[in-house]
Amino acid sequence: MGVVPPGGRRHGTARHGTGTARHSLINIYLFFFKTGQMPRLSKVNLFTLLSLWMELFPSAEQQKKSQVKKSGLVVVKNMKIIGLHCSSTDLHAGQIALIKHGSRLKNCDLYFSRKPCSTCLKMIVNAGVNRISYWPADPEISLQNEVSNPTSTEDAKLDAKAVERLKSNSRARVCVLLQPLVCYMVQFIEETSTKFDFIQKIAKSQPDYNTDFYTACRQERIKEYESLFLISNEEIHKQILMTIGLENLCENPYFSNLRQNMKDLVLVLASVAASVPVFGCFGFYRSGSQRTAEADDQCLPQDVARHCMIQARLLAYRTEDHKTGVGAIIWAEEKSRGCDGTGAMYFIGCGYNAFPVGSEYADFPHMDDKQKDREIRKFRYIIHAEQNALTFRCREIKPDERSMIFVTKCPCDECVPLIKGAGIKQIYAGDVDAGKKKADISYMKFGELEGVSKFTWQLSPLQTNALEFHDPTARENGVQKTKSLDDQQHQSKKLCLGHY
Ligand SMILES: O=c1ccn([C@H]2C[C@H](O)[C@@H](COP(=O)(O)OP(=O)(O)OP(=O)(O)O)O2)c(=O)[nH]1
């Protein structure tokens, strides 16, 4: 487990409101000028966050109250994600990993949202995994609810002991891999989430053009995730840590550092999740020209589409482009429901925009198209999020299955033909730059793309029709449009750190 950097607590990481946004922006600028880089999520924290998020994968199954808690799992090979899973009513996440990957689990790293039970651990260890990381709160077999059901808590304690015995006799490292966030990470994520295109699109539809709803939604998510992923009572948390073999973390400063790291990650998750909010009639809908498409190519349920877009948003915080972070993730759907808690859906690949693998920070230019000298602009070098997702995919894209890509920004002219050529059937994205031709990057092809269904973030068409009825010229993609606001939105869409 990482420790807090010298000087004590990291700067203001546990702030709950948008509060002094201007101040935090100045701090982020200072960080940028000092280090030359924007705050970035470490891979380990990204995998941990994705495991927590997978625990929340929307499920059609009825959740029964049980001692066995739902858990999320990220399977990683050579530091690349090869599986995103969550438990179902019948199977634990570890069992699903075994069914889906079998002996391919050898040398993989597994990130669990809860410490796995002995049934799962013995099989995973047997498969030869390299490392098992877990979130240090209530384990899969819950150690809470002592009073209401003493027998099952006794069983849970017995299981925790068995897990420890398996751990001490296994080659795999079973550990907690949390790292402290870099300075200003929480503020940066909060700032960029408020400015995220989806939030701005909703704000634009509000009469007073504000983003207060983002703050409210974030607060709700914080409450919800804190109750799920943290243990509010310090004594109970200590008791659980003791039972699951983490007595070393029960002393201060390790205990308070651990709790702070966990809290910061929960804040990150809540801030990102709130940037693709459940808000009024906003969601992913076909754009105008495609609305008559056949019914067999329907949009995913909104909660599933939102969930996957949030995965892409998390990936974007690994970007190497300090101006514009982009994340992309590809999922597909089998013909029939599988054993995974994700139903028929399975993971294919994911990525974010970054310079070619193996390159060093100074190898390539980082400037944008405001830079006069075209030779020192980033555009000819950077690999786009979709390109990385396709390159490092772990499964093939099958022509007879519904495959879908979720991208945090409108796919550009380099990526649109790649997505279509790869046989991806659906694109879920924003459309803010659609139709724009910039100096070195263009977004002209997305609007014209045919043969791939496009679902962009907008007001539901039903709602749109009502608007149209009143004023057919006053909308674009379902959002009431005035020229000046549209321009404002483009200006404020990013935390612009482009004036080097
Ligand atoms: O389909 C795409 C399109 C772009 N990018 C990445 C590449 C590059 O790192 C960045 C370019 O973003 P943008 O078009 O917003 O240009 P910018 O110069 O970063 O910002 P601005 O909108 O101010 O021009 O986004 C992708 O990953 N996928």
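As the structure lists them, so they are numbered: ligands from 1, and atoms in each ligand from 1.
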Chemist: Using the rule side chain to side chain donor-acceptor pair (under 3.5 Å), only one of Arg374, Gln371, Lys378 pairs with Asp440; which is it?
Modeler: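 Considering Arg374, Gln371, Lys378, a side chain to side chain donor-acceptor pair (under 3.5 Å) with Asp440 is found only for Arg374.
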Chemist: Would you check the N or O atoms of Cys412, main chain and side chain alike, for any that come under 3.5 Å of an N or O of ligand 1?
Modeler: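 Checking ligand 1 against Cys412, an N or O pair does fall under 3.5 Å apart.
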Chemist: Check this for me: does any side-chain nitrogen of one of Asp431 and Lys201 sit under 4.0 Å from a carboxylate oxygen of the other?
Modeler: yes
Chemist: Is the closest heavy-atom distance from Lys378 to ligand 1 below 4.0 Å?
Modeler: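 Right, Lys378 reaches ligand 1.
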Chemist: Hey, looking at atom 1 (O) of ligand 1, which of His384, Glu386, His322 has the closest heavy atom?
Modeler: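 Selected option, by shortest heavy-atom distance: Glu386.
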Chemist: Please list every donor-acceptor pair under 3.5 Å in which a side-chain atom of residues 383-392 meets a protein atom from a residue at least two apart or in another chain.
Modeler:
unit_1: Gln387; atom_1: OE1; unit_2: His384; atom_2: N; d: 3.0
unit_1: Gln387; atom_1: NE2; unit_2: Glu414; atom_2: OE1; d: 2.8
unit_1: Asn388; atom_1: ND2; unit_2: Tyr352; atom_2: O; d: 2.8
unit_1: Thr391; atom_1: OG1; unit_2: Gln387; atom_2: O; d: 2.5

Chemist: With respect to Ala385, determine whether any N or O atom, backbone or side chain, lies less than 3.5 Å from an N or O atom of ligand 1.
Modeler: yes
Chemist: Which of the numbered atoms in ligand 1 are under 4.0 angstrom from any heavy atom belonging to Ile441?
Modeler: 4 (C), 14 (O)
Chemist: Quick one: which ligand 1 atoms are inside 4.0 Å of a heavy atom on Lys438?
Modeler: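 Checking each atom against Lys438, I get 13 (P), 14 (O), 15 (O), 16 (O), 21 (P), 22 (O), 24 (O).
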Chemist: Under 4.0 Å from a heavy atom of Pro411: which atoms of ligand 1 are those, numbered in the order shown and with their elements?
Modeler: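 Once the distances to Pro411 are compared, the set is 1 (O).
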Chemist: Please list, in number order, the atoms of ligand 1 under 4.0 Å from a heavy atom of Tyr443.
Modeler: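 Heavy-atom distances to Tyr443 below 4.0 Å select 3 (C), 4 (C), 12 (O), 13 (P), 14 (O).
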Chemist: Does the salt bridge (charged side-chain N to carboxylate O under 4.0 Å, His left out) test come out yes or no for Glu224 and Arg221, once each step is laid out?
Modeler: CA-CA 5 Å; Glu224 184 189 343; Arg221 297 285 79 81; 2.9 Å; yes
Chemist: Please could you name the atoms of ligand 1 that Asp321 approaches to less than 4.0 Å, counting only its heavy atoms?
Modeler: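 Contacts of ligand 1 toward Asp321, numbered from 1: 8 (C), 9 (O), 10 (C).
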Chemist: Does the pair Glu375/Arg380 count as a salt bridge with the N-to-O cut at 4.0 Å?
Modeler: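 A salt bridge is absent here (no side-chain N lies under 4.0 Å from a carboxylate O).
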Chemist: I'd like to know if Lys409 pairs up with Asp433 as an ion pair, taking the criterion as any Lys NZ or Arg NE/NH1/NH2 lying under 4.0 Å from an Asp or Glu carboxylate oxygen.
Modeler: yes
Chemist: List for me each residue that meets ring pair (Phe, Tyr, Trp, His ring centres under 6.0 Å) alongside His307, sequence neighbours excluded, and say none if there are none.
Modeler: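 Testing His307 for ring pair (Phe, Tyr, Trp, His ring centres under 6.0 Å), a comparison that skips the adjacent residues, returns Trp53, Phe57.
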Chemist: Would Gln311 and Trp331 count as a side-chain hydrogen bond (donor to acceptor under 3.5 Å, both in side chains) if you check the C-alpha gap in whole Å, the side-chain angles of each, and the deciding distance to 0.1 Å?
Modeler: CA-CA 11 Å; Gln311 295 165 352; Trp331 284 85; 2.8 Å; yes
Chemist: side-chain hydrogen bond (donor to acceptor under 3.5 Å, both in side chains) between Arg313 and Thr408: does it pass, once the steps are laid out?
Modeler: CA-CA 6 Å; Arg313 287 270 300 127; Thr408 56; over 6 Å; no
Chemist: For ligand 1, which atoms have a heavy atom of Asp368 less than 4.0 angstrom away?
Modeler: 18 (O)
Chemist: Heavy-atom contact check, 4.0 Å cutoff: does Tyr352 meet ligand 1?
Modeler: no
Chemist: Does some non-hydrogen atom of Lys370 fall short of 4.0 Å from ligand 1?
Modeler: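 For ligand 1, residue contact (heavy atoms, under 4.0 Å) with Lys370 is present.
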Chemist: List ligand 1 atoms under 4.0 Å from Cys410, heavy atoms only on the residue side.
Modeler: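 Matching atoms, with element in brackets: 1 (O).
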